[in-house]
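Just so it is clear: chains get the letters A, B, ... in the order the sequence lines come, proteins before strands, and each one is counted from 1.
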Number of protein chains: 2
Amino acid sequence: MGNRNLAQKIKLSTIAEALGLSTATVSLALRDSPLVADVTRDRIKEKAIELGYIYNRRAASLRTSRSGIIGVVVHDIMNPFYAEILKAIETELDRSRQTFILSNHYDSVDKQRNFIETLLQLGGDGVIMSPAIGTPASDIRLAEDNGMPAILIARSVPEIDVPTFRGDDAYGTALATNHLISLGHTRIAMIGGTDHTSTGRDRYAGYANALKKAGIEVDPQLRIPGPRTKQSGFEAAVNFLANPLKPTAAVCWNDLVAIGLMNGIARAGLVPGKDISVTGYDDLEEAAIATPALTTVWNGQSEVGRFAARALLDKLNGSSEADGLHLIKPEMRIRQSTSPLNPGAGR
Amino acid sequence: MGNRNLAQKIKLSTIAEALGLSTATVSLALRDSPLVADVTRDRIKEKAIELGYIYNRRAASLRTSRSGIIGVVVHDIMNPFYAEILKAIETELDRSRQTFILSNHYDSVDKQRNFIETLLQLGGDGVIMSPAIGTPASDIRLAEDNGMPAILIARSVPEIDVPTFRGDDAYGTALATNHLISLGHTRIAMIGGTDHTSTGRDRYAGYANALKKAGIEVDPQLRIPGPRTKQSGFEAAVNFLANPLKPTAAVCWNDLVAIGLMNGIARAGLVPGKDISVTGYDDLEEAAIATPALTTVWNGQSEVGRFAARALLDKLNGSSEADGLHLIKPEMRIRQSTSPLNPGAGR
DNA sequence: TCAAACAATTAAACAAATCTAAAAGGTTTA
DNA sequence: TAAACCTTTTAGATTTGTTTAATTGTTTGA
């Protein structure tokens with residue numbers, strides 16, 4: 001067992017000895033310092049490749065206190081909403097030779113704190129997080145106080161002033177609700193999600209205010225909360241269709257819930273988009289290819305990811321500070337899952 | 001800019017000085033060494049918490065050469081197939097206090113090698129990878145030769161003998177094809193995917209052999225390759241429906257392609273599962289809630305992830321070696337997207 | 001011509017932990 | 001009472017790269 005490492009590890013001193021130089025020169029040369037003569041640098045680099053030298057970042061970061069590691073924690077990387085944000089972050093960070101460490105917290109504050117601690121142990125340069133429900137301010141401060149700047153995405157944390165990027169949820173749900181109202185719907189349910197997050201409260205407020213402004217009474221019976229998954233939307237269909245208030249339209253928490261709901265409606269023999277109008281939220285890739293194509297609200301995932309990554313890189317470079325909340329304005333995407341109220345509708 | 005770190009960093013020596021002990025004792029105590037007296041250990045641990053000490057893994061790993069980092073690279077973490085594998089890996093690794101670093105390679109061999117190099121620089125303990133198309137044996141050896149064991153999932157690499165876990169693709173597609181044949185279909189297309197990977201070749205072989213065995217001619221015109229996404233399945237529908245051979249059923253590369261294809265078929269005014277039978281592959285969560293519910297082949301994602309993680313942990317602990325290929329046997333999941341051949345079908 | 005400036009290189013300190021071998025202190029045994 | 005033997009603690013070396021200040025040799029300028 002374990003006679004790997006046949007050849008002993010190649011380190012700076014191996015190269016230095018092979019060339020009759022000091023480790024200082026080799027170190028400087030490999031980092032393209034102008035202090036080293038061109039000829040010397042070339043010889044060193046050649047030798048490094050020849051010997052298969054591998055730079056030891058842990059040793060280096062011990063001295064420099066920059067590890068090149070950036071942490072990202074979200075609720076669930078499998079969720080396409082976060083996946084789209086992550087892709088934007090990845091694209092942005094890739095340019096700056098930072099490695100990023102990814103983790104799910106599944107809304108467990110403990111798992112999230114565990115991640116922050118691990119990241120601190122590894123000397124993480126910064127962290128981008130979509131905070132778990134109930135995240136205490138102290139957990140963000142733990143990172144900040146130990147020299148690891150934090151950026152928040154998708155959700156805010158009370159009493160915390162770090163740069164925060166998310167969509168304007170109240171505005172976005174109001175867009176969707178107004179769209180349905182303009183089509184003649186008045187019995188509009190809101191499906192999925194929770195009211196325990198800033199996002200949840202904002203989305204409900206957007207929906208409720210839009211109804212009120214149009215002179216439609218807000219009936220709490222029409223609010224059906226639940227997980228933010230297709231499965232949950234699918235299951236909500238039964239409740240939705242059995243509702244005594246006979247809603248004719250649904251504002252869904254997100255596209256996943258909406259697609260699940262449409263599947264459930266179809267399974268019950270009704271035609272989503274004709275018998276029942278459905279709006280999603282996020283405008284995921286698959287919204288456009290759902291059947292019927294889903295009317296939804298674009299939530300600026302790519303913007304959120306890109307801005308967050310940039311804000312972090314800026315902070316690391318000591319330049320501008322973008323503390324506080326930055327709201328991205330959502331936009332309506334109208335497709336085939338919504339249609340004018342059918343006079344005989346409501347079952 | 002940057003007057004964070006108000007208090008200077010707390011390290012072992014800070015604790016040691018505060019208690020009038022040596023760093024050696026503190027180091028041993030925090031790792032629960034039996035060499036340290038119980039009273040002393042308790043005092044030290046208390047002080048560590050009081051001061052907010054954060055363990056510096058980079059410094060430690062410099063001496064111990066175990067970083068606690070495990071790397072995982074797959075084609076695309078957004079793809080639910082990999083996401084399910086990743087979840088299984090995460091669950092398994094979580095128990096062993098390893099941090100895992102995730103990356104996409106999008107089938108770019110360069111991006112993949114880049115990741116391996118970064119991981120080596122960080123002192124990664126091991127790597128689990130679903131190798132990019134065209135991965136040379138030398139890239140796997142780069143990891144292994146530098147003391148970082150590799151485990152392969154989902155795909156094999158020629159000339160490489162490291163532990164490899166994947167589904168039995170030939171067997172699985174044969175299952176799906178036979179299912180369709182048993183329903184009376186003879187004009188069966190195969191949609192999506194590529195023939196440039198071991199997986200691709202195996203799947204095509206499974207499909208083709210099943211047809212041959214049943215005395216059905218294999219028509220290369222019925223093979224429509226393409227990306228492995230919903231989008232691509234959706235777009236393939238047009239081609240599929242226009243095919244002069246009027247296929248009545250489709251064996252799809254995976255569930256995503258199948259769901260996309262069904263959406264495309266529905267968009268064209270036909271009823272998937274009645275007019276055209278469709279099978280998927282993987283049995284993702286959403287296969288069951290698609291409309292119609294998708295007949296598919298379970299590909300053992302969770303098993304692959306769990307086995308791979310265990311094999312790596314075993315290797316790190318120097319115990320058993322599971323080199324070579326391990327095939328997981330897929331199973332048929334019959335739902336509503338397939339039905340007996342309608343005599344008047346084929347458009 | 002000599003001091004100052006400059007270019008290239010290096011010795012040695014340093015980062016924060018671990019680990020080995022030895023010391024210190026106390027108790028038991030011969 | 002000295003030797004042997006624990007138990008607990010520690011000095012100091014070690015890990016690999018970075019950085020500072022010093023060194024050596026060369027060139028420039030007055």
Side-chain angles (χ1 to χ4, degrees), chain A residues 5 7-45 47-48 51-69 118 120-125 146-147, chain B residues 5 7-45 47-48 51-69 118 120-125 146-147:
Chain A
N5 281 7
Q8 98 285 344
K9 270 264 162 64
I10 309 297
K11 41 190 168 173
L12 280 192
S13 63
T14 320
I15 301 175
E17 275 162 31
L19 294 173
L21 291 166
S22 73
T23 60
T25 310
V26 177
S27 171
L28 291 167
L30 292 178
R31 283 174 299 143
D32 287 319
S33 160
L35 291 175
V36 178
D38 290 358
V39 219
T40 316
R41 179 172 49 248
D42 292 347
R43 282 203 308 148
I44 289 175
K45 287 194 167 179
K47 197 52 137 186
L51 294 176
Y53 170 68
I54 286 171
Y55 179 71
N56 187 329
R57 281 215 225 178
R58 340 215 264 309
S61 76
L62 199 53
R63 193 72 222 273
T64 59
S65 61
R66 274 288 285 267
S67 63
I69 293 178
T118 302
L120 284 171
Q121 294 183 358
L122 291 171
D125 292 338
N146 284 286
Chain B
N5 282 7
Q8 98 285 345
K9 268 266 161 62
I10 310 296
K11 40 189 167 175
L12 281 191
S13 64
T14 319
I15 301 176
E17 275 163 31
L19 295 173
L21 291 166
S22 74
T23 61
T25 309
V26 176
S27 172
L28 291 167
L30 292 178
R31 284 174 298 143
D32 287 319
S33 160
L35 290 176
V36 178
D38 290 358
V39 220
T40 316
R41 180 174 48 248
D42 293 348
R43 282 203 308 148
I44 290 174
K45 287 194 167 179
K47 195 52 129 187
L51 294 176
Y53 170 69
I54 286 170
Y55 179 72
N56 187 328
R57 283 215 223 177
R58 345 215 260 309
S61 76
L62 199 52
R63 194 70 225 273
T64 59
S65 61
R66 273 289 284 269
S67 64
I69 292 177
T118 302
L120 284 170
Q121 294 183 357
L122 291 171
D125 293 337
N146 285 286

Taking only residues two or more places apart in sequence, or in another chain, which ones meet B/Ala48 in a side-chain contact (heavy atoms from CB on, under 4.5 Å)?
B/Ile15, B/Leu30, B/Tyr53

How would you list, by chain and number, every residue that makes a side-chain hydrogen bond (donor to acceptor under 3.5 Å, both in side chains) with B/Thr23, sequence neighbours excluded?
none

Please list all pairs meeting salt bridge (charged side-chain N to carboxylate O under 4.0 Å, His left out) that have one or both residues in residues 51-67 of chain B, counting only residues at least two apart or in different chains.
B/Arg66-B/Asp125

Report the residues that fulfil side-chain contact (heavy atoms from CB on, under 4.5 Å) with B/Asp32, sequence neighbours left out, ordered by chain and then residue number.
B/Arg41, B/Lys45

Can you sort out the partners of A/Thr40 under side-chain contact (heavy atoms from CB on, under 4.5 Å), two or more places apart, ordered by chain and number?
A/Leu21, A/Thr25, A/Val36, A/Ala37, A/Ile44

Checking B/Lys47 now: which residues fulfil salt bridge (Lys or Arg N to Asp or Glu O under 4.0 Å) with it, not counting sequence neighbours?
B/Glu50

Output all residues satisfying side-chain hydrogen bond (donor to acceptor under 3.5 Å, both in side chains) with A/Arg43, sequence neighbours left out; order by chain, then residue number.
none

Outermost contacting nts on DNA chain D, any atom under 4.0 Å from chain A heavy atoms, listed 5' then 3', are D/dT16 to D/dT19

For A/Gly20, which contact category applies under a 4.0 Å heavy-atom criterion: base, sugar-phosphate, or nothing?
sugar-phosphate

Residues in side-chain contact (heavy atoms from CB on, under 4.5 Å) contact with A/Ser65, at least two apart in sequence or another chain
none

Please report how far the helix from C/dT1-D/dA30 to C/dA30-D/dT1 bends, comparing the axis fitted to its first five pairs with the axis fitted to its last five, to the nearest 10 degrees.
60°

Contact string for nucleotides 16-27 of chain C, one letter per nucleotide 5' to 3', B = base within protein heavy-atom range under 4.0 Å, S = sugar-phosphate only, - = neither, reads BSBB--------

